[in-house]
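Order of the sequence lines fixes the chain letters, A, B, ..., with proteins taken first and strands second; residue numbering starts at 1 for each chain.
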There are 2 protein chains.
Amino acid sequence: MAASTVPDIVIGRLPLYLRALTMMSEAGQEYTSSHELGQQLGIGSAQIRKDLSHFGEFGKQGTGYEVNFLKEQLAKILKVDRDWPVALVGFGDLGQAIAHYGGFAAKGFHIQAIFDNDPAKIGQEVNGKQVQDIARLSEIIRQQQIKIAIIAVPAFAAQAVADQLVEAGVKAILNYAPITLKVPEGVRVQYIDPVVHLQWMAYYLE
Amino acid sequence: MAASTVPDIVIGRLPLYLRALTMMSEAGQEYTSSHELGQQLGIGSAQIRKDLSHFGEFGKQGTGYEVNFLKEQLAKILKVDRDWPVALVGFGDLGQAIAHYGGFAAKGFHIQAIFDNDPAKIGQEVNGKQVQDIARLSEIIRQQQIKIAIIAVPAFAAQAVADQLVEAGVKAILNYAPITLKVPEGVRVQYIDPVVHLQWMAYYLE
DNA sequence: TAGATTGTTAATCGATTAACAATC
DNA sequence: TAGATTGTTAATCGATTAACAATC
């Protein structure tokens, strides 16, 4: 089935399935079922089977799914069965925390270029990569054919950074700035704003 | 209308409305409309009006909404018109970044207690707060009547931490560990996992 | 075989959107 | 007044869930 026909919300759950399968795999578990996966993720088993059915048939009646097989299939579907170079824009507290965080590289997202506009930060080194002047953003991103970027600049600067990234060919932006970005068709943005989550939960408190 | 009847997904959008209104307010803007808010957030104007209608009537035909009024009403509805004490569990790289991040306190979420199990970290000071031994978690959270906690420990330790938090009376958990937590009815969990967002977007890349 | 679990269909459920009377 | 925009209704759209034949 063509990619465009799969609902985006289904795609969004695949990383969760993949995460659970990875844990099972690491624990040496060989088989699982839609029921067990659902239990672990707090999702209905029917939904998991329905989601997977968009991409093919991965299980066997009676026995369920082979953990490593399904894990590899999902990684392939999500295109995370390879390494992706990533650009990081912003080397303040947050940017530095992101640059030092090993979790991205562990999953194949390698921060290959870091940018800031502060002369005091330009030239600093992290994991063998020097912080570059943001003036060179377009040049470097084009040269390295980077398609994924992380924005970790203040809100007031985020849209301008996004515009530059898009212009340089970036197609996926993970935005830590608390502002909704305007991007053209074909460019994806995902948001990380912990304050939004806290405010959401505060509603339910006494 | 009783809180329980408002869909959770509607509550989740209120922080976004509040964020946009705050920016408008800071820019000195006095009035806005559902259309303008929608433009700014990439949401339909009808949806915004529908969402707000769950809580009352906040606008005027012909003129729209008074920015500061709507902002204050939303803050009240979300219960973020006050300060909330927050506990942070885990003082590794991520926990330290969170502890130093000023964005939480700026929105009224004050980190009042920090916990770790590493003797080398216990006793360190951040913003005048000492990192406490996790053994004292229950005692301190009860004493300070903390209802909101942030989990920033490794995945393998997260469920045990969540259990302790719940047992101590925490009702809202912001979980940075890449694992789905099991919590009883009445306790809310929100997840921050940037890798999930990157994997989601990778699907759409060439 | 008997038991378990898939993939899929159809029904249900809930959210989004369009349209418009009311009215500032 | 004329123009603009609300709050709300009803229609549409899409996602979730239950149920079950197929089959390992």
Side-chain angles (χ1 to χ4, degrees), chain A residues 1-17 20-21 24 29-74 77 180 200 203, chain B residues 1-17 20-21 24 29-74 77 180 200 203:
Chain A
M1 195 169 271
S4 62
T5 69
V6 181
D8 185 52
I9 194 150
V10 172
I11 307 301
R13 280 190 292 264
L14 299 187
L16 305 180
Y17 302 163
L21 289 161
M24 289 174 179
Q29 188 177 337
E30 283 189 59
Y31 292 91
T32 187
S33 64
S34 59
H35 180 75
E36 190 189 36
L37 270 170
Q39 275 284 114
Q40 212 153 114
L41 293 166
I43 287 176
S45 64
Q47 181 163 80
I48 290 175
R49 295 198 301 280
K50 186 104 214 292
D51 285 354
L52 295 178
S53 76
H54 286 101
F55 305 96
E57 306 191 357
F58 305 103
K60 272 210 193 92
Q61 287 100 326
T63 54
Y65 305 93
E66 208 269 290
V67 169
N68 280 314
F69 174 73
L70 184 54
K71 170 172 160 274
E72 275 155 33
Q73 294 300 306
L74 288 181
I77 290 166
T180 304
W200 187 344
Y203 173 82
Chain B
M1 193 170 270
S4 62
T5 70
V6 181
D8 185 53
I9 195 150
V10 171
I11 307 302
R13 281 191 293 263
L14 300 186
L16 304 180
Y17 301 163
L21 289 162
M24 288 174 179
Q29 188 177 336
E30 283 189 58
Y31 293 91
T32 187
S33 65
S34 59
H35 180 75
E36 189 189 35
L37 270 170
Q39 275 283 114
Q40 212 154 113
L41 293 167
I43 288 177
S45 64
Q47 180 163 80
I48 291 175
R49 295 198 300 281
K50 186 104 217 290
D51 285 354
L52 296 178
S53 76
H54 286 101
F55 305 97
E57 306 191 356
F58 304 103
K60 272 209 194 93
Q61 284 100 330
T63 53
Y65 304 93
E66 210 268 289
V67 169
N68 280 314
F69 174 72
L70 184 55
K71 171 172 161 273
E72 276 155 32
Q73 294 300 308
L74 287 182
I77 290 166
T180 303
W200 188 342
Y203 173 82

Can you measure A:Ile48 atom CD1 to C:dT6 atom P for me and round it to whole angstrom units? 9 Å
Compare the minimum distances between each of D:dT6, D:dT17, C:dA18 and the side chain of B:Ala46, then state the nucleotide with the smallest one. C:dA18
Report, one line per pair, each donor and acceptor closer than 3.5 Å where one atom sits in a side chain of residues 37-50 of chain A; sequence neighbours left out.
| from | atom 1 | to | atom 2 | distance (Å) |
| --- | --- | --- | --- | --- |
| A:Ser45 | OG | A:Arg49 | NH1 | 3.4 |
| A:Arg49 | NH1 | A:Ser34 | OG | 3.0 |

Enumerate donor-acceptor pairs with a distance under 3.5 Å from any side-chain N or O in residues 56-70 of chain A to protein atoms, sequence neighbours excluded.
| from | atom 1 | to | atom 2 | distance (Å) |
| --- | --- | --- | --- | --- |
| A:Glu66 | OE1 | A:Phe69 | N | 3.3 |
| A:Glu66 | OE2 | A:Asn68 | N | 3.4 |
| A:Asn68 | OD1 | A:Ser25 | OG | 2.8 |

Under the salt bridge (charged side-chain N to carboxylate O under 4.0 Å, His left out) rule, what pairs show up with a residue in residues 6-15 of chain A, not counting sequence neighbours? A:Asp8-A:Arg188, A:Arg13-A:Asp51
With the criterion being N/O to N/O and under 3.5 Å, what pairs connect the protein with nucleotides 10-16 of chain C, and how long is each?
| from | atom 1 | to | atom 2 | distance (Å) |
| --- | --- | --- | --- | --- |
| C:dT16 | OP1 | B:Arg13 | NH1 | 2.9 |
| C:dT16 | OP1 | B:Gln47 | NE2 | 3.4 |
| C:dT16 | OP2 | B:Arg13 | NH2 | 3.0 |
| C:dT16 | OP2 | B:Gln47 | NE2 | 3.2 |
| C:dT16 | O5' | B:Gln47 | NE2 | 2.9 |

Using side chain to side chain contact (heavy atoms under 4.5 Å, CB included), reason through A:Thr180 and B:Leu16 one step at a time and then give a plain yes or no. CA-CA 9 Å; A:Thr180 304; B:Leu16 304 180; 5.8 Å; no
Angle between the end axes of the helix from C:dG3-D:dC24 to C:dC24-D:dG3, five pairs per end, to the nearest 10 degrees? 20°
Filtered N/O pairs between nucleotides 20-24 of chain C and protein, under 3.5 Å:
| from | atom 1 | to | atom 2 | distance (Å) |
| --- | --- | --- | --- | --- |
| C:dT23 | O4' | B:Gln61 | NE2 | 3.3 |
| C:dC24 | O4' | B:Gln61 | O | 3.4 |
| C:dC24 | O2 | B:Gln61 | O | 3.3 |

By side chain to side chain donor-acceptor pair (under 3.5 Å) - contacts of A:Glu36 (at least two apart): A:Gln29, A:Thr32
For a 4.5 angstrom cut-off between non-hydrogen side-chain atoms, does A:Leu14 reach A:Phe55? yes
Please report, rounded to the nearest Å, how far the P atom of D:dT8 is from the CZ atom of B:Phe58. 11 Å
Note: contacts of residues 31-44 of chain B with DNA chain C (heavy atom, under 4.0 Å) are none
From B:Thr5 OG1 over to B:His54 NE2, what is the distance, rounded to the nearest 0.5 angstrom? 6.5 Å
For B:Pro15 and A:Trp200, which heavy atoms make the closest approach, and how far apart are they? CG-N, 3.9 Å
